[in-house]
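Reviewing the structure listed below.
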Protein chains: 2
Amino acid sequence: MLTDRQLLILQVIIDDFILTAQPVGSRSISKKDEITHSSATIRNEMADLEEMGFLEKTHSSSGRVPSEKGYRFYVDHLLSPLRLSNQELTTIRQAFKDRMMEFERVVQKSAGILSELTNYTSIILGPEIFETKLKQLQIVPLNDQSAIAILVTDTGHVEHRAFNIPVEIDHPQLEKMVNILNDRLRGVPLVKLYEKLQTEIYDLIEIHTDQHEHAYSYLQAALLDEHQTKLYIGGKTNILMQPEFKDLDKVRSLYAIIEKENEMADLLRSGEQGVHVRIGHENPFDAMQNCSLITARYTLGNEQAGTIALLGPTRMEYNRVISLINVLSKQMTETFRGWY
Amino acid sequence: MLTDRQLLILQVIIDDFILTAQPVGSRSISKKDEITHSSATIRNEMADLEEMGFLEKTHSSSGRVPSEKGYRFYVDHLLSPLRLSNQELTTIRQAFKDRMMEFERVVQKSAGILSELTNYTSIILGPEIFETKLKQLQIVPLNDQSAIAILVTDTGHVEHRAFNIPVEIDHPQLEKMVNILNDRLRGVPLVKLYEKLQTEIYDLIEIHTDQHEHAYSYLQAALLDEHQTKLYIGGKTNILMQPEFKDLDKVRSLYAIIEKENEMADLLRSGEQGVHVRIGHENPFDAMQNCSLITARYTLGNEQAGTIALLGPTRMEYNRVISLINVLSKQMTETFRGWY
DNA sequence: GTTAGCACTCGAATAAAGTGAGTGCTAAAT
DNA sequence: ATTTAGCACTCACTTTATTCGAGTGCTAAC
């Protein structure tokens, strides 16, 4: 459908625009080394490419700018798999070298690297923690009124919550209950915890504890938590550096979206395996019309998975960014594999 | 030194400028209800106030704008103690009504309220956690290679860290060690933990454990953490709504400062009891020249303390903000008092 | 099919003119 | 001795006009 020459020209134009953020004119293209034709020829081809919907003009006598269709084609067909620079590779390797042991730390660091290396905003969705399984429940009394319940999951995630101790429950009873709970709840996914508590555990407590009503309501308070999947964001202010966001209103509305954790999480969840690119209107939110979102999944050894994403203008360095996110998601998966 | 009329005029001018962000002219002042004099009189007084350094002009024929000295005087002498609106009070009360049990949650919420109610950026410095004392140490083995160490402090703060288990240590030895540690380290401030480990504990482990060298190095890994005092920030993007920050460079450099957690923490630490206002150059950072920082201390029952702060343009609603931060810091102190 | 040439378009930059909110100063009124 | 009306003046901001140049489309020649 497109001639080789058109492919070449389209590629060169988009490459140039990605670099400069300026509409690309026929003359500047004809001067490139890889182009042997005159500006007039380029103009003709550009007119054709525009007619086909790959390019746009900002006004009648301006240079050309890639359309969303253009970017889509570019991403699908024109990306030459780029080797990351040594500098980039060493940055990543360096960061993962000192054996980090905690999920949070790895993710935080990854988000940092990604945004630092790209100057875009990175967003990482943690694994769905409500699917992780309880490893151990611990209750630490602080004083005679309050205590802290600590949940440790099989992925090493730690959640804690403080609550009031009803006066009716004394220390030995507490220990007893914790033991019962640990016996019965170990290996149960967090999301099922509350349910189990209401069925099996209730009866058990009734048998073993004097003040079972009090004990029960207090356990409810301790265990009923939201277990919300967390979103890690890096380089939020990088958005300000992109020329397409010199309009503060756009920045504001974009920030508004990013801050809606639930919607953002849903958006990231939807991706399948591999790197995935959403360009402009392919994104569900109005405020992201001028943005592209690159996502990739990472896994945590078992079937658990999360998403790593990068948000930038549609004029994005797809080449580099895709390679980077690919490498990083694999590196994360690799790091986690050893743990579980 | 200043006549009553001058005081009144200065107050009206600053009030007006805080509201509108526009230079204030003599005519608009003379039209106010509380002003009975003509614009010419106001002009004369304004000239005097400028000569004394309380006001400035943006250019030779512009209206007046408060100088830093003006703001300082305003804050020190002209603030009429404002009653908070019912709406504000109920927002605060509402937020603190559902008995929150965790420090983090209270602080997070407070930061949220403060930034929402003021449209400025709120910054809350947590208590110096390295001064809090160890309540309990827990070690939860995840599998045969790794485990999680959990520290609970007397303030209910929970820290956790994952680490590798050396193969040489088996499960019973682990339990034994944890018991020893809990016996010896309970009540020790976090900051002293490492030191104690190196002295007393080392000997104990040597006596009770076969593989004491391994055990020791592994404990080091588990306990040597940074215990960094945390900074909670709310409404970071509110800065974008202030007209004085329509210049993106200013926003960027301000964000750069805010993100330097250590320097920011030091800045907040310095405040004494009560509400404290730093205007423009009274702040140590260049990027904060156009900003004011309002701080107040809150306490956690015992001698522990943290700082609650609000960052906005020098043209700040001092009146309302000071009342708010005052109420909120007291409310926080009040809430925490019950806990410890 | 390619390219040189040329008229044309339109945004961006620059200049010129006009507007208006504000000032300082003077002289008259209180 | 204050206060105020009046007036000339200042200067940012807005509007309008002008120029400039990078870019286009089209045509005709190669």
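Please read all numbers here as calculations on a predicted model, not as lab measurements. Labels below follow one simple rule: chain letters A, B, ... track the order of the sequence lines, proteins then strands, and each chain is numbered from 1.
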Pick the nucleotide of DNA chain D nearest each of B/Ala40 and A/Ala40; which residue has the one closer to the 5' end?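 Going by which nucleotide is closer to the 5' end, it is B/Ala40.
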Subject >> Nearest-nucleotide comparison on DNA chain D, the residue closer to the 5′ end among B/Thr58 and A/Pro23 >> reply: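 Nearest nucleotide further toward 5': that of B/Thr58.
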Give a yes/no answer on whether the side chain of [X] brings an N or O atom under 4.0 Å of OP1 or OP2 in [N].
X: B/His59; N: D/dT10; result: no
X: A/Arg27; N: C/dA4; result: no
X: A/Ser61; N: D/dG23; result: no
X: B/Arg43; N: D/dA5; result: no
X: A/Arg64; N: D/dT24; result: yes
X: A/Ser26; N: D/dT24; result: yes
X: B/Ser60; N: D/dC11; result: yes
X: B/Lys57; N: C/dA21; result: no

Check the distance between [N]'s [atom2] and [X]'s [atom1] and give it to me in whole angstrom.
X: A/Ile13; N: D/dG23; atom1: CD1; atom2: C1'; answer: 13 Å
X: B/Glu45; N: C/dG24; atom1: CD; atom2: P; answer: 12 Å
X: A/Leu49; N: D/dG25; atom1: CG; atom2: C1'; answer: 16 Å
X: A/Asp48; N: C/dG1; atom1: CG; atom2: C1'; answer: 13 Å
X: A/Leu55; N: D/dT24; atom1: CG; atom2: P; answer: 11 Å
X: B/Arg5; N: D/dA1; atom1: CZ; atom2: C1'; answer: 12 Å
X: A/Asp16; N: D/dG23; atom1: CG; atom2: P; answer: 10 Å
X: A/His37; N: C/dA4; atom1: NE2; atom2: P; answer: 12 Å

Quiz item: Regarding B/Arg43 and B/Ser26, is there a side-chain donor-to-acceptor distance under 3.5 Å anywhere?
Solution: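 A donor-acceptor contact under 3.5 Å links the two side chains.
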Review point. Do A/Tyr232 and A/Ser122 have side-chain atoms, one donor and one acceptor, less than 3.5 Å apart?
Key: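 Per modelled atom types, A/Tyr232 and A/Ser122 side chains form no pair under 3.5 Å.
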Any side-chain heavy atom of A/Gln6 sitting closer than 4.5 Å to one from A/Met1?
->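 In short, these two side chains do not touch, never coming nearer than 4.5 Å.
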Among the nucleotides D/dT24, D/dT4, C/dT3, which one has an atom lying closest to any side-chain atom of A/Met46?
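So the side chain of A/Met46 is nearest to D/dT24.
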Requested in this report: Drop me the distance from A/Gln289's CD to A/Thr314's OG1, to the nearest 0.5 angstrom.
Outcome: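 Rounded to the nearest 0.5 Å, the CD-OG1 separation comes to 10.5 Å.
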Classify the nucleic acid contact of A/Ser62 as base, sugar-phosphate or nothing, counting any heavy atom under 4.0 Å across all strands shown.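 Since only primed, P, OP1 and OP2 atoms lie under 4.0 Å of A/Ser62, the category is sugar-phosphate.
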With a 3.5 Å distance limit and no angle check, can you tell me whether A/Asn238 reaches the backbone of A/Ser115 through a side-chain donor-acceptor pair?
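At least one qualifying donor-acceptor pair exists.
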